[in-house]
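What follows is one structure encoded as structure tokens, with my remarks underneath.
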There are 2 protein chains.
Amino acid sequence: MATATLTTRQNIRQTAQKLFRERGYAAVGMRELAKEVGIEAPSIYNHYKSKDDLLREICFDIADQFFKASEEVDVNEKSATKKMRAAIKGHISVIAKNIEASGVFFQEWMFLEEPDLAKFKKLRQEYELKFRDIIEKGMKKGDFKPMNVKLVTFTIFSALNATYDLYRTGEKLSQDEIADEIANLLLKGLKN
Amino acid sequence: MATATLTTRQNIRQTAQKLFRERGYAAVGMRELAKEVGIEAPSIYNHYKSKDDLLREICFDIADQFFKASEEVDVNEKSATKKMRAAIKGHISVIAKNIEASGVFFQEWMFLEEPDLAKFKKLRQEYELKFRDIIEKGMKKGDFKPMNVKLVTFTIFSALNATYDLYRTGEKLSQDEIADEIANLLLKGLKN
DNA sequence: ATTATAAACTAACACTTGTTTGTTTCAAAA
DNA sequence: TTTTGAAACAAACAAGTGTTAGTTTATAAT
């Protein structure tokens with residue numbers, strides 16, 4: 001384990017991710033967060049502007065990672081199935097690498113304040129559109145069975161996004177096993 | 001619209017479902033809830049013992065409905081596919097009939113206080129076991145492809161449980177269309 | 001008309017919320 | 001050795017928390 005000594009800022013961030021995830025953003029107080037870090041509440045404000053600032057950093061960092069992962073999906077790949085599998089793997093990989101933070105991303109984003117909230121929603125829509133495009137083109141091409149694209153995209157995201165919750169149950173599964181099994185199930189469902 | 005005049009108690013309950021769902025249990029105050037109902041905060045306590053009491057009623061009512069729906073799945077049905085489809089339809093039907101409340105059920109249950117929290121978890125596990133059993137037997141029988149049962153069950157529940165969130169997006173889909181499309185996708189993925 | 005009951009109210013309690021102010025501590029730079 | 005700056009602190013603020021006490025209002029039963 002290459003666990004470098006964390007800066008106070010990193011420590012606050014990491015603890016916030018854990019607590020926001022475990023107990024919910026609204027239910028976690030600054031004093032509780034500070035105590036877990038080992039400092040007093042006002043000291044947090046030397047590193048973050050506000051409680052919301054913390055949430056913002058966590059959420060947008062994950063958003064960033066999702067986009068970067070999606071950019072690595074080969075644009076020239078002809079097979080919709082292969083393209084979809086790559087997108088699914090990338091998506092799950094981001095979650096697996098950021099279990100606490102992605103939990104916050106999925107469950108606590110609504111506590112973001114404007115204008116961040118609007119920006120967040122826009123980013124998310126933009127990202128989801130990438131998946132919908134792959135599915136839509138796959139259907140037109142005949143790789144995928146014709147179905148309600150929006151509903152299918154929604155369902156696939158629901159399945160993928162829940163994986164952050166998988167590690168709590170103590171399942172001893174590798175990231176690849178999880179990604180493959182889920183991708184297999186969903187892709188077989190999609191295929192023509 | 002057969003909207004009968006609601007009692008104050010029903011009004012509180014319905015408003016709580018809406019607010020807890022929209023803004024989260026911890027973020028909704030009793031004064032805000034009361035204001036939306038059109039009364040003062042202390043008046044709520046003439047109908048409910050506590051804030052948690054409200055959450056408890058909402059969550060356990062939905063739990064009840066899930067169980068009742070699952071009891072209507074034909075035990076003598078031989079085909080695992082047909083049995084699974086019936087279970088999926090029943091599950092989605094409960095969500096569709098209780099969009100706000102099921103949202104609370106899925107997202108806010110962790111704010112239940114002991115011993116209700118433990119009871120809730122137990123019920124949920126018991127219910128999920130019913131689905132896992134169908135899937136497991138379906139695999140042994142050869143109707144379903146052999147896969148990691150726990151992971152597959154988890155994935156299917158993730159897809160089903162997210163449907164409460166589908167109605168926000170303004171999709172003009174009937175409950176049956178949604179249930180059929182999702183069941184088709186997942187069952188095709190399961191099948192051998 | 002009187003009593004009983006449910007359900008509303010105002011006022012307040014004890015405590016917690018996120019955050020600000022002003023001060024102190026301490027290590028690195030000059 | 002002095003200065004500087006970051007980062008910690010205690011104390012406090014205004015607002016909000018769930019809830020209780022005590023009282024009033026209104027409706028239904030005797």
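The analysis underlying the following values was restricted to heavy atoms, covering all of them including side chains, and did not include hydrogens, waters or symmetry mates. Keep in mind it's a predicted model, so treat the numbers as computed, not measured.
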Using whole Å, what does the distance between atom [atom2] of nucleotide [N] and atom [atom1] of [X] come to?
{"X": "Y45(A)", "N": "dT23(C)", "atom1": "OH", "atom2": "P", "value": "21 Å"}
{"X": "F111(A)", "N": "dT17(C)", "atom1": "CZ", "atom2": "P", "value": "15 Å"}
{"X": "K51(B)", "N": "dC15(C)", "atom1": "NZ", "atom2": "P", "value": "19 Å"}
{"X": "M30(A)", "N": "dA10(D)", "atom1": "CE", "atom2": "P", "value": "16 Å"}
{"X": "N46(B)", "N": "dT10(C)", "atom1": "CG", "atom2": "P", "value": "14 Å"}

Measure from NZ or CZ of [X] to the centre of the six-membered ring of [Y] and say whether it is under 6.0 Å with the direction within 45° of the ring axis.
{"X": "K51(A)", "Y": "Y25(A)", "value": "yes"}
{"X": "K119(A)", "Y": "F60(A)", "value": "yes"}
{"X": "R124(B)", "Y": "W109(B)", "value": "yes"}

Test item: Q10(B) side-chain N/O and T7(B) main-chain N/O as donor-acceptor pair under 3.5 Å: yes
Taking for each residue the nucleotide of DNA chain C bearing the nearest heavy atom, is the 5' side occupied by A41(A) or by H47(B)? H47(B)
Nearest of dT10(C), dG18(D), dA10(D) to any side-chain atom of P42(B)? dT10(C)
For S43(A) and for R31(A), locate the closest nucleotide of DNA chain D by heavy-atom distance; then report the residue assigned to the nucleotide nearer the 5' terminus. S43(A)
May I ask you to evaluate whether T8(A) reaches the phosphate of dA8(D), defined as a side-chain N or O under 4.0 Å from OP1 or OP2? yes
